[in-house]
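Inspection log for the structure reproduced underneath, given as structure tokens.
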Amino acid sequence: MTTRLLAQDDSSRRGTGSGEGSSSSSSTSSGRDSSSGTGLKAENITVTFGRGERAFTAVDDVSIEVAPGEIVGLVGESGSGKSTVSRVICGLQRDYSGTVSFNGQELEPKRSAKQWRVVQMVFQDPFASLDPRYTVRGTLTEVIRHHKLASGAALKRRCVELMDMVRLPVEFLDRTPTAMSGGQRQRVAIARALAVQPEVIVADEAVSALDVSVQAEIIALFARLRAELGLSILFISHDLAVVKSLCERVCVIHNGALVESSSTAEIFHNPRQDYTKSLLQAIPRFDSAFLDRAPERRTTSASEGDR
């Protein structure tokens, strides 16, 4: 169902169409040149928790690249190290070895305000990541003021502009997260990330807590933002169907190590590693025989209920 809902927006995600949906365009409506620069690079990232005999290596020598304007998927089962990698890239995990850089400039573990703006995170649970006491206007205003990006009338215009970017009514600026649905809250979380004009968005299981129809809307939003703003996106998910629909390349992580990285088509049609094959085999499938027997099962269940 998710794949079918996403098919309408496929050209903008893949960059195979013409116009603003094409990721191969050298410029975007935001004025960024997606053909220049090396993009995001996380190289030889290792994260170890604890010391001595209790030391545990959560991420072991992982390297990931996301080119300008590219959407890369990072997949793996729970506990594989996906979120730890994302926290390193965003600057939330400072204790690690390796380097994180954007366009050749290192993003240090202890980042400056300017470096914080380069990479922004969209978390799995928007309700937990938003302050329930703040209105949407208060949330966006706090971020913009902290980074000294706008004030006065310009600040008000920027808040309205951000609401338009994530396709929320302007009236929602005066609502709190408790007065919104899960999908609406996630749009607010995306708007907050966009408020500082980042170059890279890391979406850490950003749709996994949402209904399937809402997932499709948020994924289409990510694709549109990539096309319009030239954003690079690292999309972390355990839902391979979503990753297949959205991402150009896929990295597979297992027990903290990167086991495979290739184009989406290559990963799904010609996986090299046994672990990747097991992930693909775990995707739920219903064969035609199962579906053909569905009316018979319903009839049987109804007759048994009448007894």
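- A search for side-chain contact (heavy atoms from CB on, under 4.5 Å) contacts involving E142 returns Y134, not counting sequence neighbours.
- Looking only at side-chain heavy atoms (C-beta outward), S86 and M121 come within less than 4.5 Å of each other.
- Residue pairs meeting the ring-ring contact (aromatic ring centres under 6.0 Å, His included) criterion with at least one partner in residues 149-180, sequence neighbours excluded, are absent.
- Between N103 and E199, the closest side-chain pair of non-hydrogen atoms is not below 4.5 Å.
- V196 is linked by a side-chain contact (heavy atoms from CB on, under 4.5 Å) to R117, Q120, V143, H147, L149, P198, counting only residues two or more places apart in sequence or in another chain.
- Every residue two or more places apart in sequence or in another chain that forms a side-chain contact (heavy atoms from CB on, under 4.5 Å) with T99 is listed here: E43, E106.
- For D174, the salt bridge (Lys or Arg N to Asp or Glu O under 4.0 Å) partners at least two apart in sequence or on another chain are R137.
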Would you list the atom pairs, donor with acceptor, under 3.5 Å between side chains in residues 46-68 and any protein atom, with sequence neighbours excluded?
unit_1 : atom_1 : unit_2 : atom_2 : d
T46    : OG1    : D61    : N      : 3.0
D61    : OD1    : N44    : ND2    : 3.0
S63    : OG     : N44    : N      : 2.8

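- Listed by chain and number, the residues in a side chain to side chain donor-acceptor pair (under 3.5 Å) with D211 amount to none (sequence neighbours excluded).
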Pairs under 3.5 angstrom only: tabulate donor-acceptor contacts from the side chains of residues 181-188 to other protein residues two or more places apart or in another chain.
unit_1 : atom_1 : unit_2 : atom_2 : d
S181   : OG     : Q184   : N      : 3.3
S181   : OG     : Q184   : OE1    : 3.4
Q184   : OE1    : S181   : N      : 2.9
R185   : NH1    : P177   : O      : 3.0
R185   : NH1    : M180   : O      : 2.7
Q186   : NE2    : F123   : O      : 3.1
Q186   : NE2    : A206   : O      : 2.6
R187   : NH1    : V166   : O      : 2.7

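- Sequence neighbours left out, the pairs with a member in residues 158-172 that pass salt bridge (charged side-chain N to carboxylate O under 4.0 Å, His left out) are R158-E161.
- Side-chain atoms of F235 and V242, non-hydrogen and from C-beta on, do get closer than 4.5 Å to each other.
- Applying the side-chain contact (heavy atoms from CB on, under 4.5 Å) test to A150 and every residue at least two apart in sequence or in another chain returns I144, A154, L155.
- Residues passing the side chain to side chain donor-acceptor pair (under 3.5 Å) test with T141, sequence neighbours excluded: none.
- Pairs engaging residues 252-276 under the ring-ring contact (aromatic ring centres under 6.0 Å, His included) rule: H254-Y275 [sequence neighbours left out].
- At most 12 non-hydrogen atoms from other residues, nucleotides or ligands lie less than 6.0 angstrom from CG of D95.
- The shortest side-chain heavy-atom distance between I219 and S245 does not fall under the 4.5 Å cut-off.
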